[in-house]
Amino acid sequence: MRVSATGSPCDAAGAETTGRHRAPRLPFPPQSTGPQAPSAVSPASPQGPFVEGHAMSRYTPAEIEARWQHAWTEADLFRAERDESRSKYYVLEMFPYPSGRIHIGHVRNYTMGDVVARYKRATGFNVLHPMGFDAFGMPAENAAMASGGHPKTWTYDNIDTMVEQMKPLGLSIDWSRMFATCDPEYYGQQQALFLDFLEKGLVYRKNAVVNWDPVDMTVLANEQVEDGRGWRSGALVERRELTQWFFKISDYSEELLDALDGLDDWPAKVKTMQANWIGRSRGLQFAFSTVDAPDGFDRIEVYTTRPDTLLGASFVGISPDHPLAKQLERDREDVAAFCTEARRGGTTEEALEKAEKLGFDTGLTVRHPFDTSWELPVYIANFILMDYGTGAIFGCPGHDQRDHDFCRKYGLPIVETFVPLEGEIDIQAAPFVPAKSEKVRYTRLIAGEEVQTGDEAVEAAVDLCEQNGVGQGVTKFRLRDWGLSRQRYWGCPIPVVHCPDCGVVPEKKENLPVRLPDDVSFDVPGNPLDRHPTWRDVPCPACGTAAKRETDTMDTFVDSSWYFARFTAPRATTPTVAEDVDYWMNVDQYIGGIEHAILHLLYSRFFARAMHICGHLPEKSKEPFNALFTQGMVTHAIYKTEKDGRPVYHYPEEVTLKDGKGFLVDGTEVEIVPSAKMSKSKNNVVDPVAIISQYGADTARWFVLSDSPPERDVEWTASGAEAANKHLGRVFRIASEIAESSDAPGEGDTDLLREMHKTIDEVTKGVESFGFNAAIARLYAFTNTLQRTKAGAAARREAALALAQLMSPMTPHLSEEVWKLLGGEGFVTSAPWPQADPAMLIDDTVTLPVQVNGKRRAEIEVPKDMPKDEIEKIALSQHTVQRALDGATPKKVIVVPGRIVNVVV
RNA sequence: GCCCGAGUGGCGGAAUGGUAGACGCAGGGGAUUCAAAAUCCCCCGCAGCAAUGCGUGUGGGUUCGAAUCCCACCUCGGGCACCA
């Protein structure tokens, strides 16, 4: 039994330890009737008259859904227990941030995961499908600042609300495993991991730049910097250095890059993005010797990926944070003024790239390594980051846009070192920047052939430089170490103490968790932990001297980098338990937004390796996610009018649509902006709770899966939801009719069953490949067939049972109801997935289109194994083909068996 | 600015080298009904009476054949290391 002093979300989520779940709270009154109890809505009621029977068998999702959810909970169907005798399947959706209300995007994300979970359960796997909350982070502090509450109260209240909103969806989640990352039981284990990493040398401290608001005297997140100014104070933001904690992810650059090749079930685009992010480059590191520079600066180390363009160098640039710049800054006011100016603005790469490129001529020069009489000026430039390479570059304006702009601006010479094999270029007008794999002609050649590719020339230049002692070929990575320090309250405290005698001392593991203090206030900007004496001032764990706790907390990416492992043993008193991670890991299917393609997934891959080194994960879990699926967003039109030149946004329910135009109640026409990202400020957020109470969870689930391919954004439309609801009603009606019909024989039983097997085949393939929209289209078509068929009752019943099963991952409540109506055994949720009979999938004849020069002119139906020459004869004999030929003799006839015939003239 | 995607009827989309528009929405017509709701049936890319022609963001290319592959461009979306 967990003891929580904080009102853990798990208590609110019905995670009782007795094995019984509380009945879910629903927007409609739950029924106490179990599935076995006679239902009040049974169409097979003895009264029997058709009219009354139909009236009573109307599709009533509110009643059906509450009843089945209750039944599943009673039967405890979704609890995951380790069972070595069965194959496991771990499906996980990226856990939500507790923003306050669930979003239709969440519904889509969790429904997809639920389809996979329910399908895998039906195919015999022991499924783990958990849910939790990514609960630390800035919004809770912002809310506290805005309305005076406490981040903890705000967060746990939100979690309660969201769980209450999620439960009516009927997700097959093991709620007993739920946790929030702000539970001390969770973050305490995270602190244990931190200490283990520290011991293994995976954590260290160094200086790094942050966004500093000089008015509020506080560190700002990137999103709190708008156009280079602090969001609250409006002050110009500065880049300031602080000592911060880092994870040594860069030690794993090469491994994280190379291991991408093994991730066969990850989207190629995600792997490409990660590969580019890690950014392996081959280049030359060398030094320019300086002329008349201050003492100790007789060399400037430079790294370049284009040593082949060394003879096109025009200047040397150094970062404003380069030691030489800092040295010059001390003595020279003009340098200090420039550096201060250059440190203005945010820290993002985007801000740096978009900012005006500024340089300052230091007056110093360096000698060119290949011609010591050639001197290059040294500039301090605002676009050079100390974190990259050596913090110094040489500029080659002939083959780099940024350097070209810079040289034009400061009147520096521009020369080319290579030219295209064909055609003219004007190097003064624009730089020549071909792909490195392209062959070019070198005019100022360092090494290699006159005509060679950039890649070849780089290698040749590196070799030559190495031979002449000019520098060394090095492989570098773009990936920087992961800075995890945050100067904020609502995060996991970093469990170390700063002692005046011992330095940095790790907290003892038996003292974990280092809990966040509750008595804090947010009326002053900055980190309340910094000004909390009783929490901050502690004796050193090593020597007992008066010392201070680290007041930085951890980046929330740390929280989300191992939660998937914690779900395998969520209440353990160690971060993980060997038997549980051995059995449940890896995540077989991970599902989430493409916006997490790089950071979250890369950090998790690093964390898995680090946890493995510390013995918390097995070798096989170094890559923790076997398969990844990235789903699109749910969008909705924005309805906009203008008042006094300002946009006014209207809620969808205020707008009446007519002929593609929207109108307010008073008749004003509104502007419709289609497919916009849902955003509270634009009033276009669709509330799933309203949809569920209007149409039921199955309708919401069916709709978010239909129409759009899951990886693409989907537009929420009210008519779409209505259509989904109508369809489910139709399925229910058809099933009711079949349940009532007498056992009379009919016609076309085989045709119906053939269709059934094809549907089983296609829906199964669709579900397995995330082709949910295509699977649903097939189910629509099969429903049409079932409605129109004249087949006998037994065949129709068999087909309807299959339909219920095939729909059950998407619409589990309706499927249970139909299953029971037709006399299916037990829960459809627990029934084994239907198998398609291969013999029923093959047709005897095929329809072939006949083209003449690629244009379709006829269609022929032939036996499926007819020889090519016979097909050719039939095709040519078609009168439309003859007419298209117009007397010409075919040059060639292409017959692709089972596909097409193309006559070429 | 850099990296990664996506663009197909009025709308969401299907087809990943082989009949473009499956399935659904909206729209039109009809049946049922005293009437309506609900339900059922039919039509539905554009132009044309038709034959036929045109048509998958734009412009080129490869191929017997391209929405699909290649090149260039345009537009929209995601990420850019302190939003999660």
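Chain identifiers are assigned alphabetically (A, B, ...) following the order of the sequence lines, protein sequences preceding nucleic acid strands; residue numbering begins at 1 within each chain.
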- A/Trp212 ring centre to A/Arg239 NZ or CZ under 6.0 Å, with the angle to the axis within 45°? no
- Task: Have a look at A/His727 and say if it touches a base, only the backbone sugar-phosphate, or nothing, with a 4.0 Å heavy-atom cut-off.
- Result: nothing
- Message: Categorize A/Arg730 for me: base, sugar-phosphate, or nothing, with a 4.0 angstrom heavy-atom threshold over every strand shown.
- Response: sugar-phosphate
- Task: Quick one: look up who B/G17 pairs with, Watson-Crick or G-U, both distances under 3.5 Å, and put none if it's unpaired.
- Result: none
- Task: Would you tell me if any nitrogen or oxygen in the side chain of A/Arg486 comes within less than 4.0 Å of OP1 or OP2 on B/C82?
- Result: yes
- B/C71 versus B/A66 - spacing of their C1' atoms, nearest Å: 15 Å
- Rounded to the nearest angstrom, tell me the gap between atom CD in A/Glu241 and atom C1' in B/C82. 16 Å
- Winner on side-chain proximity to A/Arg883, out of B/U52, B/C54, B/C83, is B/U52
- Message: From the set B/A81, B/A20, B/C23, return the single nucleotide nearest to any side-chain atom of A/Ala777.
- Response: B/C23
- The side chain of A/Leu599 lies closest to which of these nucleotides: B/A81, B/C4, B/C54? B/A81
- Message: Rounding to an integer number of angstrom, what distance separates B/A47 and B/C42 when you compare their P atoms?
- Response: 25 Å
- Note on the structure: Checking B/A14, B/C83, B/C4 against the side chain of A/Thr272 (C-beta onward), the nearest is B/C4
- Is any side-chain N or O of A/Ser708 closer than 4.0 Å to OP1 or OP2 of B/G13? yes
- Query: Mind checking the C1' distance from B/C46 to B/G10? Whole angstroms is fine.
  - Reply: 12 Å
- Task: Verify the contact: side-chain N or O of A/Gln224 to OP1 or OP2 of B/C82, cut-off strictly under 4.0 Å; return yes or no.
- Result: no
- Do A/Glu349 and B/C80 share a donor-acceptor pair, side chain to base, under 3.5 Å? no
- Message: Need one value for A/Gly483: base, sugar-phosphate or nothing, where a base atom within 4.0 Å counts as base even if backbone is also close, heavy atoms only.
- Response: sugar-phosphate
- Report which part of the nucleic acid A/Gln487 touches: base, sugar-phosphate, or nothing (heavy-atom distance under 4.0 Å, all strands). base
- Query: Which is true for A/Thr556 with a 4.0 Å heavy-atom rule: it touches a base, it touches only sugar-phosphate, or it touches nothing?
  - Reply: sugar-phosphate
- Item | Contact under 4.0 Å: A/Arg788 side-chain N or O vs B/C41 OP1/OP2 | yes
- Query: What interatomic distance, in whole Å, is found between P of B/A51 and the corresponding atom of B/C4?
  - Reply: 48 Å
- Residue A/Asn222, side-chain atoms from C-beta onward, closest of B/C82, B/A84, B/U19: B/C82
- Query: Please walk me through it: do A/Asn725 and A/Phe703 pass side-chain contact (heavy atoms from CB on, under 4.5 Å)?
  - Reply: CA-CA 8 Å; A/Asn725 187 251; A/Phe703 175 74; over 6 Å; no
- Task: Establish, with yes or no, whether the OP1 or OP2 oxygen of B/G12 is under 4.0 angstrom from a side-chain nitrogen or oxygen of A/Asn773.
- Result: no
- Item | Atom C1', compared across B/C43 and B/C54: separation rounded to whole Å | 22 Å
- Would you name the heavy atoms of A/Ser253 and A/Phe477 that are closest together and state the gap between them? CB-CG, 3.4 Å
- Which nucleotide, B/C83, B/C4, B/U19, lies nearest any side-chain atom of A/Lys269? B/C4
- Message: Over all strands shown, is A/Ser485 touching base, sugar-phosphate only, or nothing at heavy-atom distances under 4.0 angstrom?
- Response: base
- Query: Between B/G78, B/C82, B/U19, which nucleotide gets closest to the side-chain atoms of A/Glu595?
  - Reply: B/G78
- Query: OP1, OP2 of B/G55 versus side-chain N and O of A/Lys855: anything below 4.0 Å?
  - Reply: no
- Is there a donor in the side chain of A/Gln787 and an acceptor in the side chain of A/Arg730, or the other way round, less than 3.5 Å apart? yes
- Note on the structure: Scanning all shown strands, the Watson-Crick or wobble mate of B/A66 with both distances under 3.5 Å is none
- Where each residue is assigned the nucleotide of RNA chain B containing its nearest heavy atom, which of A/Leu848 and A/Asn276 is assigned the position nearer the 5′ end? A/Asn276
- Message: Please compare A/Asp481 and A/Arg857 by the position of their nearest nucleotide in RNA chain B and report the one closer to 5'.
- Response: A/Arg857
- Item | Any residue meeting side-chain hydrogen bond (donor to acceptor under 3.5 Å, both in side chains) with A/Asn207, in chain and number order, not counting sequence neighbours | A/Thr243
- Message: Just to be sure I understand the rule, does A/Leu479 reach a base, reach only the sugar-phosphate, or reach nothing, if contact means heavy atoms closer than 4.0 Å?
- Response: base
- Determine the contact category for A/Lys354: base if any of its heavy atoms lies under 4.0 Å from a base atom, sugar-phosphate if only primed atoms, P, OP1 or OP2 are that close, otherwise nothing. base
- Item | Among B/A81, B/C40, B/G65, the one nearest A/Gln851 by side-chain distance | B/G65
- Query: Do the rings of A/Trp562 and A/Tyr186 sit parallel, tilted or perpendicular, given the 30° and 60° boundaries?
  - Reply: parallel
- Message: Using a strict heavy-atom distance below 4.0 Å, which residues from residues 893-905 of chain A are in contact with RNA chain B?
- Response: A/Ile894, A/Val896, A/Arg899, A/Ile900, A/Asn902, A/Val904
- Specify whether A/His103 and A/His106 have parallel, tilted or perpendicular ring planes, treating 30° as the upper limit for parallel and 60° as the lower limit for perpendicular. perpendicular
- Only one of A/Val846, A/Leu848, A/Thr847 forms a side-chain contact (heavy atoms from CB on, under 4.5 Å) with A/Glu861, so which one is it? A/Thr847
- Could you check whether A/Gln244 gets within reach of a base, just the sugar-phosphate, or nothing at all, counting any heavy atom under 4.0 Å? base
- Message: Would you measure the distance from the C1' atom in B/U75 across to the matching atom in B/G57 and give it in whole Å?
- Response: 7 Å
- Query: Looking only at atom P, what distance separates B/A26 and B/G12, rounded to whole Å?
  - Reply: 15 Å
- Heavy atoms under 4.0 Å, any strand shown: does A/Lys891 hit a base, just sugar-phosphate, or nothing? nothing
- Looking for any heavy atom pair under 4.0 Å, which part of the strands does A/Ala774 touch: base, sugar-phosphate only, or nothing? nothing
- Query: Which part of the nucleic acid, if any, lies within contact of A/Pro709, taking any heavy atom under 4.0 Å across all strands shown: a base, the sugar-phosphate backbone alone, or nothing?
  - Reply: sugar-phosphate
- Torsion-based syn/anti label for B/G53, 90° from 0 as limit: anti
- Checking all strands, does A/Trp482 fall into the base, sugar-phosphate, or nothing category for heavy-atom contacts under 4.0 angstrom? nothing
- Query: At under 4.0 Å, does any side-chain N or O of A/Arg856 touch on OP1 or OP2 of B/G65?
  - Reply: no
- Query: The side chain of A/Asn211 lies closest to which of these nucleotides: B/A84, B/U19, B/C82?
  - Reply: B/C82
- Query: Heavy-atom count around A/Lys765 NZ within 6.0 Å, excluding the residue itself: above 12?
  - Reply: no
- Query: Which one, B/C25, B/G1, B/U19, comes nearest to the side chain of A/Glu353?
  - Reply: B/G1
- Query: Given A/Phe136 and A/Tyr187, is the ring-ring contact (aromatic ring centres under 6.0 Å, His included) satisfied, shown in steps?
  - Reply: CA-CA 10 Å; A/Phe136 274 135; A/Tyr187 72 70; 5.5 Å; yes
- Item | Whole-angstrom distance between B/G21 and B/U8, as gauged at atom C1' | 8 Å
- If the plane angle is over 60° it's perpendicular, under 30° parallel, otherwise tilted; pick one for A/Tyr603 and A/Trp482. parallel
- Item | A/Met138 vs A/Arg488, side-chain contact (heavy atoms from CB on, under 4.5 Å): CA-CA, chis, key distance, verdict | CA-CA 8 Å; A/Met138 287 202 314; A/Arg488 278 184 245 292; 3.7 Å; yes
- A/Glu722 (side chain) and B/C25 (base): donor-acceptor pair under 3.5 Å: no
